[in-house]
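Remarks on the structure that follows.
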Amino acid sequence: MNKYLFPKKKIREECGVFGVFNNDEAASLTALGLHALQHRGQDSSGIVTYFQNNFFGHRGLGQVSEVFNDSAILSKLKGKNSIGHNRYGTTGETALKNVQPLFSEILTGGVAIAHNGNLTNTNTLKEKLIKSGSIFQSTSDTEVILHLISTASGNLIDRLVYALHSISGAYSLLLLNKNSLIGVRDPFGIRPLVLGKLKDSYILCSESCGLDIIGAKLVRDVQPGEIIIINNNGIESITPFKKTSLRPCLFEYIYFSRPDSTLDGRNVYDVRKKIGEQLAKESAEDKDLIDIVIPIPDSGNASALGYSNEIKKPFELGIIRNHYTGRTFIQPTSRVRNLGVKLKHNPNPSALRNKKIALIDDSVVRGTTATKIVEMLKNAGAKEIHMRIASPPVKFPCYYGIDTPSESELLASKYSIEEIASYIGVDSLKFITLNGVYNALGFPSGRDPNNPQFTDHYFSGDYPVRLVDKNIGKKPSQLSLLIETK
Ligand code: AMP
(Lines give C-alpha, C1' and ligand atoms only; values in the text may rest on other atoms or scores of the structure.)
Protein backbone atom coordinates (compact mmCIF):
# COMPACT_ATOMS: atom_id res chain seq x y z
CA MET A 1 0.00 0.00 0.00
CA ASN A 2 1.19 3.49 -0.79
CA LYS A 3 2.65 4.85 2.44
CA TYR A 4 1.05 8.23 1.87
CA LEU A 5 -2.49 6.82 1.57
CA PHE A 6 -3.12 6.89 5.29
CA PRO A 7 -0.41 9.10 6.70
CA LYS A 8 0.29 8.06 10.28
CA LYS A 9 0.54 11.64 11.46
CA LYS A 10 -1.85 14.09 9.88
CA ILE A 11 -0.42 17.45 9.04
CA ARG A 12 -1.30 19.80 11.84
CA GLU A 13 -0.91 23.54 11.99
CA GLU A 14 0.69 24.50 15.26
CA CYS A 15 2.42 27.62 14.15
CA GLY A 16 3.71 31.12 14.79
CA VAL A 17 3.23 34.21 12.60
CA PHE A 18 5.09 37.51 12.51
CA GLY A 19 4.56 40.56 10.26
CA VAL A 20 6.19 43.99 9.91
CA PHE A 21 4.87 47.14 8.21
CA ASN A 22 7.11 50.07 7.35
CA ASN A 23 10.60 49.18 8.48
CA ASP A 24 13.79 49.25 6.40
CA GLU A 25 14.85 46.04 8.10
CA ALA A 26 11.54 44.25 7.80
CA ALA A 27 13.00 40.84 6.84
CA SER A 28 15.63 40.84 9.61
CA LEU A 29 13.08 41.89 12.23
CA THR A 30 10.78 39.13 10.99
CA ALA A 31 13.57 36.54 11.30
CA LEU A 32 14.19 37.69 14.89
CA GLY A 33 10.48 37.56 15.67
CA LEU A 34 10.22 34.06 14.24
CA HIS A 35 13.20 33.05 16.35
CA ALA A 36 11.32 34.19 19.49
CA LEU A 37 8.27 32.24 18.31
CA GLN A 38 10.27 29.11 17.51
CA HIS A 39 8.47 27.12 20.25
CA ARG A 40 5.29 27.37 18.12
CA GLY A 41 6.82 25.35 15.28
CA GLN A 42 10.24 24.00 14.47
CA ASP A 43 9.80 22.07 11.25
CA SER A 44 9.94 24.88 8.72
CA SER A 45 10.10 28.59 8.39
CA GLY A 46 9.59 31.25 5.73
CA ILE A 47 9.44 34.99 5.02
CA VAL A 48 7.83 36.93 2.15
CA THR A 49 8.51 40.65 1.61
CA TYR A 50 7.26 43.25 -0.87
CA PHE A 51 9.38 45.86 -2.67
CA GLN A 52 8.63 47.94 -5.80
CA ASN A 53 6.09 45.68 -7.50
CA ASN A 54 7.90 42.50 -6.56
CA PHE A 55 7.48 39.94 -3.84
CA PHE A 56 10.56 38.21 -2.45
CA GLY A 57 10.38 34.96 -0.54
CA HIS A 58 12.56 32.42 1.15
CA ARG A 59 11.21 29.24 2.73
CA GLY A 60 12.77 26.05 3.95
CA LEU A 61 12.61 23.04 6.21
CA GLY A 62 14.23 23.38 9.61
CA GLN A 63 14.47 25.93 12.39
CA VAL A 64 14.73 29.67 11.73
CA SER A 65 18.51 29.64 12.25
CA GLU A 66 18.87 26.81 9.72
CA VAL A 67 16.57 28.32 7.08
CA PHE A 68 17.98 31.85 7.45
CA ASN A 69 21.57 30.77 7.99
CA ASP A 70 23.23 33.41 5.83
CA SER A 71 22.83 37.21 5.97
CA ALA A 72 22.82 37.18 2.15
CA ILE A 73 19.44 35.43 2.28
CA LEU A 74 17.90 38.19 4.37
CA SER A 75 19.43 40.97 2.29
CA LYS A 76 17.69 39.53 -0.78
CA LEU A 77 14.34 39.89 0.99
CA LYS A 78 13.95 43.56 0.10
CA GLY A 79 11.28 45.94 1.26
CA LYS A 80 9.73 47.57 4.28
CA ASN A 81 6.83 45.15 4.68
CA SER A 82 7.00 41.44 5.37
CA ILE A 83 5.29 38.42 6.86
CA GLY A 84 6.85 35.24 8.25
CA HIS A 85 5.77 31.87 9.55
CA ASN A 86 7.08 29.02 11.70
CA ARG A 87 5.47 25.71 11.10
CA TYR A 88 5.06 22.47 12.94
CA GLY A 89 4.10 19.72 10.51
CA THR A 90 5.28 16.45 9.07
CA THR A 91 8.95 15.99 8.37
CA GLY A 92 10.47 15.02 5.05
CA GLU A 93 10.28 16.20 1.49
CA THR A 94 6.49 16.19 1.24
CA ALA A 95 6.36 19.02 3.77
CA LEU A 96 8.22 21.48 1.52
CA LYS A 97 5.09 22.24 -0.49
CA ASN A 98 3.32 23.24 2.72
CA VAL A 99 5.94 25.66 4.03
CA GLN A 100 4.42 29.09 4.56
CA PRO A 101 3.89 31.92 3.83
CA LEU A 102 2.01 30.72 0.75
CA PHE A 103 2.00 33.14 -2.17
CA SER A 104 -0.31 33.57 -5.18
CA GLU A 105 -0.96 36.02 -7.98
CA ILE A 106 -4.69 36.72 -8.07
CA LEU A 107 -6.83 39.29 -9.91
CA THR A 108 -6.07 41.98 -7.33
CA GLY A 109 -2.30 41.32 -7.49
CA GLY A 110 0.12 39.24 -5.47
CA VAL A 111 -0.87 38.10 -2.00
CA ALA A 112 1.04 36.15 0.64
CA ILE A 113 -0.64 34.43 3.58
CA ALA A 114 0.54 32.90 6.86
CA HIS A 115 -1.79 30.94 9.16
CA ASN A 116 -1.74 29.73 12.75
CA GLY A 117 -4.66 27.45 13.54
CA ASN A 118 -6.63 24.71 11.92
CA LEU A 119 -9.81 24.79 9.85
CA THR A 120 -12.61 22.32 10.54
CA ASN A 121 -14.19 22.39 7.06
CA THR A 122 -11.07 22.06 4.89
CA ASN A 123 -12.07 18.85 3.12
CA THR A 124 -15.64 20.03 2.51
CA LEU A 125 -14.43 23.29 0.93
CA LYS A 126 -11.58 21.64 -0.94
CA GLU A 127 -13.90 19.13 -2.55
CA LYS A 128 -16.14 21.94 -3.83
CA LEU A 129 -13.20 23.99 -5.05
CA ILE A 130 -11.57 21.06 -6.86
CA LYS A 131 -14.87 20.19 -8.53
CA SER A 132 -15.10 23.75 -9.83
CA GLY A 133 -11.59 23.61 -11.26
CA SER A 134 -9.22 24.78 -8.53
CA ILE A 135 -5.75 23.31 -8.64
CA PHE A 136 -4.14 22.74 -5.24
CA GLN A 137 -0.39 22.71 -4.83
CA SER A 138 -0.22 21.86 -1.14
CA THR A 139 -2.11 19.77 1.39
CA SER A 140 -2.33 22.65 3.85
CA ASP A 141 -5.74 24.04 4.85
CA THR A 142 -4.31 27.54 4.40
CA GLU A 143 -4.35 27.12 0.62
CA VAL A 144 -8.13 26.74 0.81
CA ILE A 145 -8.32 30.30 2.16
CA LEU A 146 -6.16 31.53 -0.71
CA HIS A 147 -8.44 29.83 -3.26
CA LEU A 148 -11.55 31.31 -1.67
CA ILE A 149 -9.94 34.77 -1.81
CA SER A 150 -8.99 34.23 -5.44
CA THR A 151 -12.43 33.04 -6.57
CA ALA A 152 -14.38 35.83 -4.79
CA SER A 153 -14.95 39.29 -6.25
CA GLY A 154 -14.11 42.88 -5.28
CA ASN A 155 -10.97 44.20 -3.67
CA LEU A 156 -8.73 42.10 -1.43
CA ILE A 157 -10.68 42.94 1.73
CA ASP A 158 -14.06 42.08 0.11
CA ARG A 159 -12.57 38.78 -0.98
CA LEU A 160 -11.05 38.12 2.42
CA VAL A 161 -14.39 38.76 4.14
CA TYR A 162 -16.04 36.28 1.74
CA ALA A 163 -13.36 33.71 2.55
CA LEU A 164 -13.75 34.25 6.31
CA HIS A 165 -17.49 33.69 6.06
CA SER A 166 -16.84 30.39 4.26
CA ILE A 167 -14.26 28.90 6.61
CA SER A 168 -14.73 27.59 10.12
CA GLY A 169 -12.16 26.65 12.71
CA ALA A 170 -9.38 28.46 14.47
CA TYR A 171 -7.23 30.98 12.67
CA SER A 172 -4.91 33.86 13.25
CA LEU A 173 -3.89 35.03 9.77
CA LEU A 174 -1.42 37.49 8.31
CA LEU A 175 -1.69 38.64 4.69
CA LEU A 176 0.64 40.84 2.71
CA ASN A 177 -0.14 42.58 -0.58
CA LYS A 178 1.47 45.47 -2.41
CA ASN A 179 0.28 48.15 -0.02
CA SER A 180 -0.89 46.56 3.18
CA LEU A 181 -0.24 44.18 6.04
CA ILE A 182 -3.47 42.55 7.20
CA GLY A 183 -4.12 40.60 10.40
CA VAL A 184 -7.20 38.49 11.19
CA ARG A 185 -8.30 36.63 14.32
CA ASP A 186 -11.19 34.15 14.23
CA PRO A 187 -14.54 35.04 15.86
CA PHE A 188 -13.61 33.27 19.13
CA GLY A 189 -9.98 34.44 19.13
CA ILE A 190 -8.92 30.83 19.69
CA ARG A 191 -5.33 31.38 18.61
CA PRO A 192 -3.53 34.51 19.86
CA LEU A 193 -2.52 37.53 17.77
CA VAL A 194 -1.10 40.81 19.06
CA LEU A 195 -0.47 44.26 17.60
CA GLY A 196 2.78 46.07 18.44
CA LYS A 197 4.60 49.27 17.54
CA LEU A 198 8.28 50.00 16.97
CA LYS A 199 8.76 53.75 16.30
CA ASP A 200 6.93 54.27 12.96
CA SER A 201 6.56 50.56 12.24
CA TYR A 202 3.69 48.25 13.10
CA ILE A 203 4.05 44.60 14.04
CA LEU A 204 1.47 41.83 14.10
CA CYS A 205 2.53 38.56 15.70
CA SER A 206 1.37 35.48 17.58
CA GLU A 207 2.69 36.35 21.03
CA SER A 208 4.09 39.38 22.82
CA CYS A 209 7.50 37.66 23.26
CA GLY A 210 7.90 38.28 19.50
CA LEU A 211 7.61 42.01 20.17
CA ASP A 212 10.08 41.97 23.07
CA ILE A 213 12.93 40.54 21.01
CA ILE A 214 12.87 43.53 18.62
CA GLY A 215 12.16 46.16 21.29
CA ALA A 216 8.59 46.79 20.09
CA LYS A 217 5.79 47.80 22.47
CA LEU A 218 2.60 45.78 22.87
CA VAL A 219 -0.29 47.98 21.69
CA ARG A 220 -3.13 45.47 22.17
CA ASP A 221 -4.46 42.05 21.31
CA VAL A 222 -6.27 41.72 18.01
CA GLN A 223 -9.93 41.26 18.96
CA PRO A 224 -11.92 38.13 18.11
CA GLY A 225 -13.31 38.40 14.58
CA GLU A 226 -11.30 41.57 13.88
CA ILE A 227 -9.53 42.38 10.62
CA ILE A 228 -6.72 44.91 11.07
CA ILE A 229 -5.56 46.62 7.88
CA ILE A 230 -2.27 48.52 8.09
CA ASN A 231 -1.22 50.70 5.16
CA ASN A 232 0.29 54.15 4.51
CA ASN A 233 -2.96 55.77 5.72
CA GLY A 234 -2.59 54.17 9.16
CA ILE A 235 -4.61 51.42 10.82
CA GLU A 236 -8.16 50.42 10.01
CA SER A 237 -10.20 47.88 11.94
CA ILE A 238 -13.21 45.93 10.62
CA THR A 239 -15.34 43.25 12.27
CA PRO A 240 -17.26 41.44 9.54
CA PHE A 241 -18.94 38.89 11.84
CA LYS A 242 -22.38 39.37 13.46
CA LYS A 243 -21.38 37.57 16.65
CA THR A 244 -17.97 37.33 18.24
CA SER A 245 -16.88 36.52 21.75
CA LEU A 246 -13.42 36.05 23.16
CA ARG A 247 -12.87 32.39 23.99
CA PRO A 248 -9.12 31.80 23.67
CA CYS A 249 -7.49 28.37 23.79
CA LEU A 250 -6.82 27.31 27.38
CA PHE A 251 -3.88 25.19 26.29
CA GLU A 252 -2.01 28.32 25.19
CA TYR A 253 -1.83 29.22 28.89
CA ILE A 254 -1.19 25.68 30.11
CA TYR A 255 1.57 24.64 27.75
CA PHE A 256 1.83 26.19 24.34
CA SER A 257 2.71 29.88 24.69
CA ARG A 258 6.01 31.14 26.04
CA PRO A 259 5.81 32.00 29.77
CA ASP A 260 7.07 35.55 29.18
CA SER A 261 4.19 36.32 26.80
CA THR A 262 1.09 38.27 27.78
CA LEU A 263 -2.03 37.07 25.98
CA ASP A 264 -5.39 38.81 26.19
CA GLY A 265 -4.23 40.69 29.27
CA ARG A 266 -2.80 37.72 31.20
CA ASN A 267 0.87 36.97 31.64
CA VAL A 268 1.40 33.28 30.89
CA TYR A 269 4.01 32.77 33.63
CA ASP A 270 1.73 34.32 36.27
CA VAL A 271 -1.15 32.12 35.14
CA ARG A 272 0.99 28.96 35.32
CA LYS A 273 2.19 29.82 38.83
CA LYS A 274 -1.41 30.42 39.93
CA ILE A 275 -2.44 27.09 38.40
CA GLY A 276 0.33 25.47 40.49
CA GLU A 277 -0.96 27.19 43.64
CA GLN A 278 -4.48 26.01 42.89
CA LEU A 279 -3.22 22.47 42.24
CA ALA A 280 -1.69 22.49 45.73
CA LYS A 281 -4.87 23.91 47.29
CA GLU A 282 -6.85 21.06 45.75
CA SER A 283 -4.44 18.55 47.31
CA ALA A 284 -3.87 19.99 50.79
CA GLU A 285 -2.86 16.58 52.23
CA ASP A 286 0.31 16.71 50.09
CA LYS A 287 1.94 18.81 52.85
CA ASP A 288 2.29 15.65 54.94
CA LEU A 289 3.03 13.39 51.99
CA ILE A 290 6.04 14.89 50.25
CA ASP A 291 9.55 16.22 50.93
CA ILE A 292 10.36 18.15 47.76
CA VAL A 293 8.75 19.51 44.59
CA ILE A 294 10.32 18.72 41.21
CA PRO A 295 9.14 20.01 37.81
CA ILE A 296 9.50 18.17 34.54
CA PRO A 297 11.48 20.91 32.81
CA ASP A 298 10.58 23.19 31.16
CA SER A 299 6.86 22.50 30.84
CA GLY A 300 6.29 22.01 34.59
CA ASN A 301 8.59 24.79 35.89
CA ALA A 302 6.18 27.65 36.59
CA SER A 303 3.35 25.52 38.00
CA ALA A 304 5.84 23.63 40.22
CA LEU A 305 7.03 26.98 41.63
CA GLY A 306 3.45 27.99 42.42
CA TYR A 307 2.74 24.57 43.94
CA SER A 308 5.92 24.68 46.05
CA ASN A 309 5.14 28.21 47.32
CA GLU A 310 1.63 27.19 48.32
CA ILE A 311 2.60 23.92 49.97
CA LYS A 312 5.75 25.36 51.56
CA LYS A 313 8.01 22.52 50.47
CA PRO A 314 11.31 23.14 48.66
CA PHE A 315 11.44 23.42 44.88
CA GLU A 316 14.38 21.37 43.57
CA LEU A 317 15.84 20.77 40.14
CA GLY A 318 15.74 16.99 40.22
CA ILE A 319 15.74 16.65 36.44
CA ILE A 320 18.19 18.46 34.19
CA ARG A 321 17.16 19.18 30.64
CA ASN A 322 19.48 19.08 27.65
CA HIS A 323 18.46 21.96 25.38
CA TYR A 324 20.44 20.80 22.38
CA THR A 325 18.18 18.02 21.10
CA GLY A 326 16.60 19.56 18.06
CA ARG A 327 14.85 18.00 15.12
CA THR A 328 18.18 17.76 13.34
CA PHE A 329 19.82 15.49 15.90
CA ILE A 330 21.03 12.33 14.18
CA GLN A 331 18.97 9.51 15.66
CA PRO A 332 21.24 6.89 17.19
CA THR A 333 21.05 3.34 15.89
CA SER A 334 18.47 1.18 17.67
CA ARG A 335 21.31 -0.71 19.44
CA VAL A 336 22.54 2.53 21.04
CA ARG A 337 18.99 3.72 21.70
CA ASN A 338 18.29 0.54 23.66
CA LEU A 339 21.05 1.45 26.08
CA GLY A 340 18.58 3.98 27.45
CA VAL A 341 20.17 7.12 26.06
CA LYS A 342 18.66 10.09 27.87
CA LEU A 343 18.55 12.64 25.10
CA LYS A 344 16.39 15.28 26.70
CA HIS A 345 16.18 14.68 30.47
CA ASN A 346 18.64 13.34 33.04
CA PRO A 347 17.98 12.82 36.76
CA ASN A 348 19.97 14.75 39.36
CA PRO A 349 20.38 12.11 42.12
CA SER A 350 21.81 14.50 44.71
CA ALA A 351 18.47 16.35 44.78
CA LEU A 352 16.16 13.37 44.80
CA ARG A 353 17.78 10.34 46.46
CA ASN A 354 15.55 8.87 49.21
CA LYS A 355 13.06 11.73 48.82
CA LYS A 356 9.27 11.67 48.60
CA ILE A 357 8.69 13.74 45.50
CA ALA A 358 5.81 15.79 44.12
CA LEU A 359 6.53 15.55 40.39
CA ILE A 360 4.83 18.36 38.44
CA ASP A 361 4.07 18.55 34.74
CA ASP A 362 1.65 20.63 32.70
CA SER A 363 -0.21 17.74 31.05
CA VAL A 364 -0.45 14.05 30.33
CA VAL A 365 -1.38 13.24 26.74
CA ARG A 366 -0.18 9.76 25.71
CA GLY A 367 1.70 9.33 28.99
CA THR A 368 5.02 8.76 27.23
CA THR A 369 6.94 11.55 28.97
CA ALA A 370 5.64 10.77 32.46
CA THR A 371 6.32 7.01 32.17
CA LYS A 372 9.92 7.56 31.04
CA ILE A 373 10.65 10.20 33.68
CA VAL A 374 9.15 8.21 36.55
CA GLU A 375 11.26 5.16 35.72
CA MET A 376 14.32 7.40 35.51
CA LEU A 377 13.66 9.01 38.91
CA LYS A 378 13.09 5.65 40.56
CA ASN A 379 16.35 4.30 39.15
CA ALA A 380 18.06 7.41 40.53
CA GLY A 381 16.86 6.63 44.05
CA ALA A 382 13.58 8.51 44.54
CA LYS A 383 11.64 7.02 47.46
CA GLU A 384 8.06 7.91 46.41
CA ILE A 385 6.68 9.77 43.41
CA HIS A 386 3.40 11.65 43.67
CA MET A 387 2.58 13.09 40.27
CA ARG A 388 0.52 16.30 40.13
CA ILE A 389 -0.67 17.60 36.78
CA ALA A 390 -1.35 21.29 36.12
CA SER A 391 -4.25 20.58 33.74
CA PRO A 392 -7.30 18.33 33.83
CA PRO A 393 -7.12 14.95 32.03
CA VAL A 394 -6.88 15.40 28.22
CA LYS A 395 -9.82 13.31 27.00
CA PHE A 396 -10.71 14.79 23.62
CA PRO A 397 -8.62 15.57 20.52
CA CYS A 398 -7.98 19.13 19.36
CA TYR A 399 -9.00 20.13 15.84
CA TYR A 400 -8.16 23.81 16.24
CA GLY A 401 -4.41 23.70 15.76
CA ILE A 402 -2.80 21.96 18.71
CA ASP A 403 -1.20 18.66 17.90
CA THR A 404 -2.99 16.06 20.01
CA PRO A 405 -3.42 12.45 18.96
CA SER A 406 -6.78 10.82 18.21
CA GLU A 407 -9.05 9.79 21.08
CA SER A 408 -7.85 6.18 21.02
CA GLU A 409 -4.31 7.32 21.89
CA LEU A 410 -5.32 9.72 24.67
CA LEU A 411 -4.65 7.93 27.93
CA ALA A 412 -7.36 9.78 29.86
CA SER A 413 -10.09 9.01 27.32
CA LYS A 414 -9.64 5.27 27.89
CA TYR A 415 -8.48 4.85 31.47
CA SER A 416 -9.39 5.96 35.00
CA ILE A 417 -6.99 8.07 37.07
CA GLU A 418 -6.02 4.97 39.10
CA GLU A 419 -5.29 3.03 35.92
CA ILE A 420 -3.19 5.91 34.56
CA ALA A 421 -1.25 6.09 37.85
CA SER A 422 -0.41 2.43 37.65
CA TYR A 423 0.50 2.70 33.93
CA ILE A 424 2.86 5.59 34.65
CA GLY A 425 4.18 3.82 37.74
CA VAL A 426 3.61 6.53 40.37
CA ASP A 427 2.58 6.19 44.02
CA SER A 428 -0.27 8.66 43.50
CA LEU A 429 -1.62 10.85 40.71
CA LYS A 430 -3.84 13.95 40.75
CA PHE A 431 -5.00 16.38 38.07
CA ILE A 432 -6.20 19.92 38.75
CA THR A 433 -9.96 20.36 38.18
CA LEU A 434 -11.21 22.38 35.21
CA ASN A 435 -12.88 24.83 37.60
CA GLY A 436 -9.54 25.09 39.41
CA VAL A 437 -7.86 26.23 36.18
CA TYR A 438 -10.60 28.84 35.70
CA ASN A 439 -10.10 30.00 39.32
CA ALA A 440 -6.40 30.46 38.59
CA LEU A 441 -7.30 32.51 35.52
CA GLY A 442 -9.31 34.93 37.65
CA PHE A 443 -12.80 33.40 37.65
CA PRO A 444 -13.61 32.59 41.32
CA SER A 445 -16.89 30.91 40.34
CA GLY A 446 -15.08 28.72 37.84
CA ARG A 447 -16.17 27.86 34.33
CA ASP A 448 -19.47 29.36 33.21
CA PRO A 449 -21.14 26.35 31.52
CA ASN A 450 -23.58 28.59 29.61
CA ASN A 451 -20.90 30.89 28.29
CA PRO A 452 -17.44 29.32 28.79
CA GLN A 453 -14.71 31.92 28.99
CA PHE A 454 -12.12 29.72 27.22
CA THR A 455 -11.91 27.09 24.49
CA ASP A 456 -11.32 23.93 26.52
CA HIS A 457 -12.69 21.01 24.42
CA TYR A 458 -9.67 18.74 25.17
CA PHE A 459 -10.89 18.62 28.78
CA SER A 460 -14.64 19.23 28.44
CA GLY A 461 -15.56 17.86 25.00
CA ASP A 462 -17.23 21.24 24.29
CA TYR A 463 -16.09 22.31 20.79
CA PRO A 464 -17.11 25.95 20.21
CA VAL A 465 -16.64 25.82 16.42
CA ARG A 466 -18.57 23.15 14.52
CA LEU A 467 -16.49 20.19 13.29
CA VAL A 468 -17.84 20.29 9.75
CA ASP A 469 -15.68 17.72 7.94
CA LYS A 470 -17.22 14.29 8.41
CA ASN A 471 -13.84 12.62 8.54
CA ILE A 472 -12.19 15.19 10.78
CA GLY A 473 -9.14 13.81 12.53
CA LYS A 474 -9.45 10.58 10.58
CA LYS A 475 -8.30 9.81 7.06
CA PRO A 476 -8.52 12.59 4.45
CA SER A 477 -11.48 12.69 2.02
CA GLN A 478 -11.19 10.85 -1.30
CA LEU A 479 -10.20 14.00 -3.13
CA SER A 480 -7.57 15.20 -0.69
CA LEU A 481 -6.42 11.60 -0.44
CA LEU A 482 -5.64 11.73 -4.14
CA ILE A 483 -3.67 14.90 -3.61
CA GLU A 484 -1.85 13.39 -0.68
CA THR A 485 -0.62 10.45 -2.80
CA LYS A 486 1.06 12.60 -5.48
P1 AMP B 1 2.74 12.75 26.64
O2 AMP B 1 4.18 12.44 26.83
O3 AMP B 1 2.19 12.21 25.35
O4 AMP B 1 1.87 12.38 27.82
O5 AMP B 1 2.61 14.33 26.48
C6 AMP B 1 2.68 15.18 27.57
C7 AMP B 1 3.97 15.92 27.54
O8 AMP B 1 4.12 16.58 26.29
C9 AMP B 1 4.03 16.98 28.62
O10 AMP B 1 5.33 16.95 29.18
C11 AMP B 1 3.78 18.28 27.88
O12 AMP B 1 4.63 19.31 28.36
C13 AMP B 1 4.09 17.99 26.44
N14 AMP B 1 3.03 18.49 25.53
C15 AMP B 1 1.77 18.81 25.83
N16 AMP B 1 1.10 19.22 24.71
C17 AMP B 1 1.97 19.15 23.69
C18 AMP B 1 1.91 19.45 22.28
N19 AMP B 1 0.79 19.91 21.73
N20 AMP B 1 3.02 19.26 21.52
C21 AMP B 1 4.14 18.79 22.08
N22 AMP B 1 4.27 18.49 23.40
C23 AMP B 1 3.21 18.67 24.20
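First listed ligand is number 1; within each ligand, the first listed atom is number 1. Since this is a predicted model, take the numbers as computed values, not measurements. The chain is numbered in sequence order, starting from 1.
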Mind listing the closest non-hydrogen atom pair of Glu310 and Ala280 along with its distance? CG-CB, 3.6 Å
Just checking Phe459 against Phe396, ring centres under 6.0 Å apart? no
Please report whether the ring centroid of His457 lies less than 6.0 Å from that of Tyr400. yes
Could you tell me the separation between the NZ atom of Lys97 and the CZ atom of Arg59, rounded to the nearest 0.5 Å? 14.5 Å
Residues Asp462 and Arg247 bridged, charged N to O under 4.0 Å: yes
Check ligand 1 for close polar pairs with the protein: N or O on both sides, less than 3.5 Å.
{"residue": "ligand 1", "atom": "2 (O)", "partner": "Thr368", "partner atom": "N", "Å": "3.4"}
{"residue": "ligand 1", "atom": "2 (O)", "partner": "Thr369", "partner atom": "N", "Å": "2.8"}
{"residue": "ligand 1", "atom": "2 (O)", "partner": "Thr369", "partner atom": "OG1", "Å": "2.5"}
{"residue": "ligand 1", "atom": "3 (O)", "partner": "Arg366", "partner atom": "N", "Å": "2.7"}
{"residue": "ligand 1", "atom": "4 (O)", "partner": "Val365", "partner atom": "N", "Å": "2.7"}
{"residue": "ligand 1", "atom": "4 (O)", "partner": "Arg366", "partner atom": "N", "Å": "3.1"}
{"residue": "ligand 1", "atom": "4 (O)", "partner": "Gly367", "partner atom": "N", "Å": "2.6"}
{"residue": "ligand 1", "atom": "10 (O)", "partner": "Asp361", "partner atom": "OD2", "Å": "2.5"}
{"residue": "ligand 1", "atom": "12 (O)", "partner": "Ser299", "partner atom": "OG", "Å": "3.1"}
{"residue": "ligand 1", "atom": "12 (O)", "partner": "Asp362", "partner atom": "OD1", "Å": "2.4"}
{"residue": "ligand 1", "atom": "19 (N)", "partner": "Glu14", "partner atom": "OE2", "Å": "3.3"}
{"residue": "ligand 1", "atom": "19 (N)", "partner": "Asp403", "partner atom": "O", "Å": "3.4"}
{"residue": "ligand 1", "atom": "22 (N)", "partner": "Tyr255", "partner atom": "OH", "Å": "3.0"}

Between Ser82 and Thr30, is there a side-chain donor-acceptor contact under 3.5 Å, judged purely by atom types and distance? yes
